[in-house]
Amino acid sequence: MAAAGSAVGLGNIWRFPYVVGENGGGAFLLIYVAIVALFGMSLAMSEIALGRATRRNPVGAFAQLGGNAWRPLGYLGVLSGFVILSFYIVVAGWTLAYIGFMSRGVIVSTEPAQLGAHFESFIASPLQPLAYAAVFMALVAWVVGGGIGKGIERFSKLLMPALFLLLIGLTLRAISLPGAAEGLRFFLTPDFSKVSAETFSAALAQAFFSLSLGMGCLLTYGSYLKKSSAIASTTGAVVGLDLCVSVLAGLMVMAIVFSFGFDPAAGPGLTFVTLPAIFATMPGGVLFGVGFFILLAVAALTSAISILEPTVAYLIDEHRFSRGKAVLLCTAVCFAMAIPSSLSFGHWSGFHLFGKTFFDLMDHAATNYMLPLGALLSSLFVGWKWSKGAINELSRPGAEPASWTRGWLLFLRFVAPPALAWILLTSAGIV
Ligand code: PHE
């Protein structure tokens with residue numbers, strides 16, 4: 001349940017639809033599904049196995065099994081956590097703000113220009129978005145500061161299925177809008193003329209981000225997993241659920257985009273700009289709108305907690321921090337990094353590094369480089385250095401290893417590392 005809460009979040013509902021839109025639709029979806037099934041599944045299983053075998057944080061786990069030489073791989077994960085959280089809380093803040101906008105009825109419209117202008121002017125203001133990000137960060141700190149969050153687990157068990165049901169309902173509504181068929185065609189029909197190396201790296205980045213992979217998050221959650229749970233089926237359930245939520249969100253957003261004439265390649269604002277349109281067409285739309293953004297904020301919260309937890313676990317285990325101090329330090333650093341991210345939509349939008357705004361740079365650095373690099377190194381680690389231990393961990397105690405574990409190992413040894421290296425090098429423009 002906790003791993004599903006980590007995986008399902010803004011990555012599915014905010015990031016996935018706009019990345020599909022920017023990458024031409026159907027062909028991207030196909031590549032994405034293949035990457036999730038192959039890379040997502042096998043790497044998620046290795047991370048969970050690493051955590052459960054060592055019962056440690058990422059840095060401690062790699063050091064325990066591989067010696068000090070592998071410690072930096074854990075540090076990479078800790079660093080990725082900071083980078084991701086710094087922009088994640090900005091978007092989560094937008095979600096909180098939209099709860100308010102919906103409830104006050106200020107965005108009851110189906111007009112792309114009007115909805116776009118409202119979003120733009122909100123994110124460009126200097127203080128308001130940051131105040132919402134601060135509120136969200138405080139919520140995260142509060143939950144993580146109080147231990148692994150029994151309370152949140154209990155209520156997310158109720159609210160996550162509610163989000164899923166609401167999403168199904170909204171998707172059905174969206175695809176029955178006039179003109180929505182064009183959106184379905186865009187989303188579901190592959191157009192291979194739009195595929196380039198870029199498409200693969202975007203799909204891989206999205207898959208890792210959405211599955212919380214490559215930064216030790218699943219490793220940390222694996223360390224809390226019972227020995228009696230089967231890793232393969234647990235992982236399959238989480239990966240499958242995550243994919244379903246993304247596909248639903250993609251269908252819903254694309255149907256709205258084409259029905260009302262939004263721009264599918266509008267970028268990070270896409271979900272926020274399009275969604276109010278569907279609520280405006282529904283009886284009781286305000287209620288559904290408020291409910292939706294509340295549930296989305298909860299999904300973002302359970303994900304954000306999982307981004308912070310590995311770092312906090314690391315500071316507690318390896319540096320003897322108290323939980324409170326560890327949370328305070330992380331919160332301060334993340335929020336400080338969120339400031340330039342948020343301002344990059346307004347006052348600092350002209351400031352570019354490597355051709356990107358600060359927000360885009362953080363997102364790109366983490367998802368296109370840090371997560372794939374983390375995944376590449378962990379596949380080498382598990383495939384070559386810890387393969388026996390990993391197969392043991394994936395097998396039932398005392399039983400022979402299942403035959404699929406051989407295929408899994410071959411994938412980790414010979415397929416994942418060169419493929420990930422190729423994608424990293426092409427996105428860096430080296431190959
Ligand atoms: N998977 C989360 C989401 O989709 C984000 C996340 C990334 C969580 C990396 C943990 C680690 O929103």
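In listed order, ligands and their atoms are each counted from 1. For the single chain, residues carry numbers from 1 onward in sequence order.
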Tyr314 and Glu309: side-chain donor and acceptor closer than 3.5 Å?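 Their side chains do not contain a donor-acceptor pair, so the 3.5 Å distance test is not met.
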At a non-hydrogen distance cut-off of under 4.0 Å, which region of Met215 contacts ligand 1 (side chain, backbone, both, or neither)?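 Met215 to ligand 1: side-chain contact only, backbone stays beyond 4.0 Å.
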Classify the contact between Ser212 and ligand 1 as side chain, backbone, both or neither, using a heavy-atom distance cut-off of under 4.0 Å.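 Near ligand 1, Ser212 shows its backbone as well as its side chain.
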Which atoms of ligand 1 have any heavy atom of Leu10 under 4.0 Å away?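 This gives 12 (O) as the contact atoms.
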Using a plain distance cutoff, I'd like to know if [X] has any nitrogen or oxygen under 3.5 Å from a nitrogen or oxygen of ligand 1.
| X | value |
| --- | --- |
| Ile84 | no |
| Ser210 | yes |
| Cys217 | no |
| Leu213 | no |

Steps toward salt bridge (charged side-chain N to carboxylate O under 4.0 Å, His left out) verdict (Glu393, Lys227): CA-CA 9 Å; Glu393 198 59 44; Lys227 284 285 176 203; 3.2 Å; yes
Arg52 with Glu47: basic N within carboxylate O range, under 4.0 Å: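 No, Arg52 and Glu47 are not salt-bridged.
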Flag the pair Glu22 and Arg15 as a salt bridge only when some basic side-chain nitrogen lies within less than 4.0 angstrom of an acidic carboxylate oxygen.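 Result for this pair is no, no salt bridge flagged.
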So, does Phe208 sit close enough to ligand 1 that a heavy atom of it is under 4.0 Å from the ligand?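 For ligand 1, residue contact (heavy atoms, under 4.0 Å) with Phe208 is absent.
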